[in-house]
Amino acid sequence: MTTNTILLLLLSLLIAGGLSFFQYFYKAKTKSKVNLVLAFLRFISIFGILLLLINPIMSRKTLETIKTPLPIVVDNSSSIMALNANDAALESYKKLSQNKDLQDKFDVQSYRFDSDFQQSEVPIAIGIDFKGTQTNLDEVAKSLKSIYKNTIFPTVLITDGNQTSGNDYVYSFDANNKVYPLVVGDTTTFLDLKVSQLNVNKYAFQKNKFPVEVFLNYSGNKNITADFRISQGNSVLSKQTVSFSPSKKSVILNVLLPADKVGLQVFKATISSNQKEKNTYNNTKNFAVEVIDQKTNIAIVSAINHPDLGALKRAIETNAQRKVTIVKPNSINSLQDYNILILYQPTVEFKSVFEKNKLAEINAFIVTGNSTDFNFLNQQQSNLVFKMSGQKEDYLAEYNSQFNLFAIDNLGFENFPPLQNPFGTVTTNGILSTLLSSKIRNIETNSPLLAFAENQGKRSAFLLGENSWKWRLQSHIDNQSFEKFDIFVDKIIQFLASNDSKKSLVVNHESFYNSGEAIEILASYFNKNYEFDEKARLTISVTNTKTKQTKNYDLLKGNNSFKVNLDGLSAGSYNFSVKELNSKTSYSGHFEILDFDIEKQFVNPDVEKLNQLATQTQAKTFYPNQVDALIKSLLENENYKAIQKEIISKTPLIDWIWLLIIIAITLASEWFLRKYNGML
């Protein structure tokens, strides 16, 4: 307290005492014990009120001990169970988490992980069931960095080190924080043959052959030969003999398979030998290919060279169903060879292309830019009217969340680089659906940047600006992949490739999934005005074609679509039906779940990778029979000492509720005593 506060408190004592004395002793005729009690109550009341008016700050010092955090992270994936290491993992976890000495020195926190990272209960291993379908150690590293930011701490990692998703975890962990891997699983080397990876396109074309690339691995200490075959049902389509040795641990095979039947075709790749193996599950890998009977041919017609042409071609051809040809306007002999025309920056040279297309009626995607002849373009189409100047301008994109011609997510268009187009006004003539509108800096132009039209079954698309190659590059920077942008372009092409009438219920799904993958089905429902209906009630019925077992789910509303997650379905063939309950509109489809459990592909823990992690963080690798040594190492490490902090808490007296209660009690007691003794 300050000197002024102390002086005010002393003055308050004098005032409270003086007023009490004046009230009950100075003019009192009799000086009884009642007067003494009343004077005391009056003194407390007045002094309490004066205290509240002065409101002194009360300081209190406390000492707090902050322990170093010790996260104990347990691998909850099914690979632990497959290696028969679940008991050893649980026993090690309980021994560490329940150790009193560790609890005295560290703030012990328990976590479990598979594809996600979650906190677990201490000391009982609640939630650790070793049923995770993926192992993501990279997520562990990221989560620990986020939870214990700017903190030096050790980590105990109970795992087999076999990662199935995420980035390389060795360099994901903070090198300044020691990671002690506790390796579970038998480290003895067993003879094992494995189909480790199989690369194949999702689509193939009928009456063609499609390539399959197979990676075979061997673990063992002697020379062996094995048979590799690819079969479909009871038919063996390809068979080869493969040799392995201690110096030849892997083989890459390239096989061509015929695409004879249209539709989803399921195949099985198998490697086998006369040697006994501990794990035969990884000897087989199923894969599927959808055989289609036609290919979409797309012509990019351009009189100039531009990076946009190559970017569009690469984005479109990521879908194996598409084939892109870049041609000059005067080089096209027959438009009938193409399903879609992309007219890049049309000029008068395109006159013959437009005239031929009036008869062919092929859907077109018109892209404009600084080299476009807009007067010519106004004569050749009626969806947009251009009044452009000779000045160049940069146009930013703004996403329209109400767009409903097809389901599309916002890729972060607002953050994409601007497209360049001449400055001017663009007027819509008729019904256009705008996916992206344009802005000049932060000023909205109320003009489309990417729009779509549909008139009497003919569809058109317009992109008003060049340099879309920068969009593809920015998408790669944001997502470390071109995939999202390429899917966005593919949906534009898919819209143009179809002349079907508008459907009120649109469902997006894959033809096949691998066991353990996320199985999501998206659906969009539109009302009679073809507006997205947020009040729609969508359900899905999924039936296993073999067991005839049916499961029903509700689709939940997401971002401009409805979604259902079907994780947990076993491998097999499924028919499904999506229904809108109010209108009774329905959609039926089929998908296949291939039998593949990536967590059962291992016969040993990845000791080499875990040793590398321990070395990277200047720690040491331990095993279940060395838990006591690990505990001793943690306890003896002088870098992890508890820190004692002095905490000074300052509280204004006015926040002390008991003072108000005391004042109320003393005033009430004084009143009752005076009333009782006839002094009122």
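None of the values given here were measured: they were computed from a predicted structure.
Using modelled atom types, one side-chain atom of Gln163 and one backbone atom of Leu137 make a donor-acceptor pair closer than 3.5 Å. At distances below 3.5 Å, at least one donor-acceptor pair connects side-chain atoms of Ser219 with backbone N or O atoms of Phe190. Panel note: side chain Asn604, backbone Asp186; a donor-acceptor pair is recorded below 3.5 Å. Remark: side-chain polar atoms of Ser468 are not paired, donor with acceptor, to backbone N or O of Asp308 under 3.5 angstrom. For the pair Ser172 (side chain) and Ala141 (backbone), a donor-acceptor distance under 3.5 Å is absent. Side chain of Asn339 to backbone of Asn297: a donor-acceptor contact under 3.5 angstrom is found. Listed for the Asp533 side chain is no donor-acceptor partner under 3.5 Å among the backbone atoms of Phe526. Side chain of Asp490 to main chain of Asp486: no donor-acceptor pair is present (N/O by atom type, distance under 3.5 Å, no hydrogens or angles). The closest donor-acceptor contact from the side chain of Gln549 to the backbone of Thr543 lies at 3.5 Å or more, if one exists at all. No donor-acceptor distance shorter than 3.5 angstrom exists from the side chain of Asn400 to the backbone of Leu436, with no hydrogens or angles considered.
Of the inter-residue distances, the one linking Ile300 atom CD1 with Ile298 atom CD1 reads 8.0 Å to the nearest 0.5 angstrom. To the nearest 0.5 Å, atom CD1 of residue Ile224 and atom CG of residue Leu191 are 5.0 Å apart. How far NZ of Lys470 is from CZ of Phe416: 13.5 Å, rounded to the nearest 0.5 Å. Atoms CG and CZ, from Leu505 and Phe562 in turn, are 10.0 Å apart once rounded to the nearest 0.5 Å. Distance check: Lys551 NZ to Leu566 CG gives 9.5 Å after rounding to the nearest 0.5 Å. Here OG of Ser561 is found 10.0 Å from CG of Leu538. Values are rounded to the nearest 0.5 Å.
Thr133 approaches Glu599 most closely through the heavy-atom pair O-CG, 3.5 Å. The minimum heavy-atom distance linking Ala288 with Phe512 is given by the pair O-CZ, 3.3 Å.
Contacts classified as ring-ring contact (aromatic ring centres under 6.0 Å, His included) and involving residues 232-260 (residues at least two apart or in different chains) are given here: Tyr218-Phe244.
Within 6.0 Å of atom NZ in Lys249, more than 12 heavy atoms from other residues, nucleotides or ligands are found, so the atom counts as buried in its surroundings. Applying the 6.0 Å contact sphere to CG of Asn221 captures no more than 12 heavy atoms from other residues, nucleotides or ligands. Dense packing is recorded around NZ of Lys278, with more than 12 heavy atoms of other residues, nucleotides or ligands lying under 6.0 Å away. Within a 6.0 Å sphere centred on CD of Glu483, other residues, nucleotides and ligands contribute 12 heavy atoms or fewer. At most 12 non-hydrogen atoms from other residues, nucleotides or ligands lie less than 6.0 angstrom from NZ of Lys202. Around NZ of Lys313, the count of heavy atoms belonging to other residues, nucleotides or ligands within 6.0 Å exceeds 12. Atom CD of Gln402 has 12 or fewer heavy atoms from other residues, nucleotides or ligands within 6.0 Å. Within 6.0 Å of NZ on Lys491 lie more than 12 heavy atoms contributed by other residues, nucleotides or ligands.
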Phe602/Ser79 under side chain to side chain contact (heavy atoms under 4.5 Å, CB included): CA gap, chis, key distance, verdict: CA-CA 7 Å; Phe602 310 104; Ser79 65; 4.3 Å; yes

Residue pair Tyr525, Tyr587: steps toward the ring-ring contact (aromatic ring centres under 6.0 Å, His included) verdict: CA-CA 11 Å; Tyr525 181 75; Tyr587 170 92; over 10 Å; no

ring-ring contact (aromatic ring centres under 6.0 Å, His included) between Tyr344 and Phe365, intermediate numbers included: CA-CA 8 Å; Tyr344 188 80; Phe365 183 12; 9.6 Å; no

Test log, rule side chain to side chain contact (heavy atoms under 4.5 Å, CB included), inputs Val74 and Tyr111: CA-CA 6 Å; Val74 184; Tyr111 301 92; over 6 Å; no

Derivation and outcome, ring-ring contact (aromatic ring centres under 6.0 Å, His included), residues Phe210 and Phe267: CA-CA 13 Å; Phe210 60 92; Phe267 304 89; 5.8 Å; yes

Worked verdict on Ser272 versus Asp227 for side-chain hydrogen bond (donor to acceptor under 3.5 Å, both in side chains): CA-CA 5 Å; Ser272 59; Asp227 293 327; 5.1 Å; no

ring-ring contact (aromatic ring centres under 6.0 Å, His included) between Phe485 and Phe482, intermediate numbers included: CA-CA 6 Å; Phe485 183 83; Phe482 293 115; 8.5 Å; no

Phe117/Arg112 under side chain to side chain contact (heavy atoms under 4.5 Å, CB included): CA gap, chis, key distance, verdict: CA-CA 6 Å; Phe117 182 81; Arg112 65 181 186 276; over 6 Å; no

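Between Asn282 and Gln601, the side chains place no donor N or O within less than 3.5 Å of an acceptor N or O (distance only, hydrogens not considered). For the 3.5 Å distance criterion, the side chains of Ser573 and His590 qualify, holding a donor opposite an acceptor. Judged purely by distance below 3.5 Å, without hydrogens or angles, the side chains of Gln474 and Asp478 pair a donor atom with an acceptor atom. Under 3.5 Å, the side chains of Asn136 and Ser115 contain no donor-acceptor pair of N or O atoms. Inspection of the Asn217 and Ser250 side chains reveals no N or O donor paired with an N or O acceptor under 3.5 Å. Side chains of Lys285 and Gln197: no donor on one and acceptor on the other come within 3.5 Å.
Residues satisfying the ring-ring contact (aromatic ring centres under 6.0 Å, His included) criterion with Tyr203, sequence neighbours excluded, are absent altogether.
Ring centroids of Phe413 and Phe488 are separated by less than 6.0 Å, placing the two rings close together. Aromatic ring centres of Phe462 and Phe452 lie farther apart than the 6.0 Å criterion allows.
Test Thr550, Val578, Asn575 against Ser541 for side chain to side chain contact (heavy atoms under 4.5 Å, CB included) and you get one pass: Thr550. A side chain to side chain contact (heavy atoms under 4.5 Å, CB included) with Asn223 holds for exactly one of Pro246, Ser243, Ser247; it is Pro246. Screening Asn76, Asp606, Asp75 for a side-chain hydrogen bond (donor to acceptor under 3.5 Å, both in side chains) involving Thr159 leaves a single residue, Asp75.
Side-chain atoms of Glu592 and Val266, non-hydrogen and from C-beta on, do get closer than 4.5 Å to each other.
Using a cut-off of 4.0 Å between Lys/Arg side-chain N and Asp/Glu carboxylate O, Lys584 and Glu580 are scored as not salt-bridged. Salt bridge present: Asp168 and Lys609 bring a charged side-chain N and a carboxylate O closer than 4.0 Å. A salt bridge links Glu454 with Arg459: at least one charged nitrogen is closer than 4.0 Å to a carboxylate oxygen.
Between Tyr574 and Phe591, the angle of the ring planes stays under 30°, which puts this pair in the parallel group of the 30/60° scheme.
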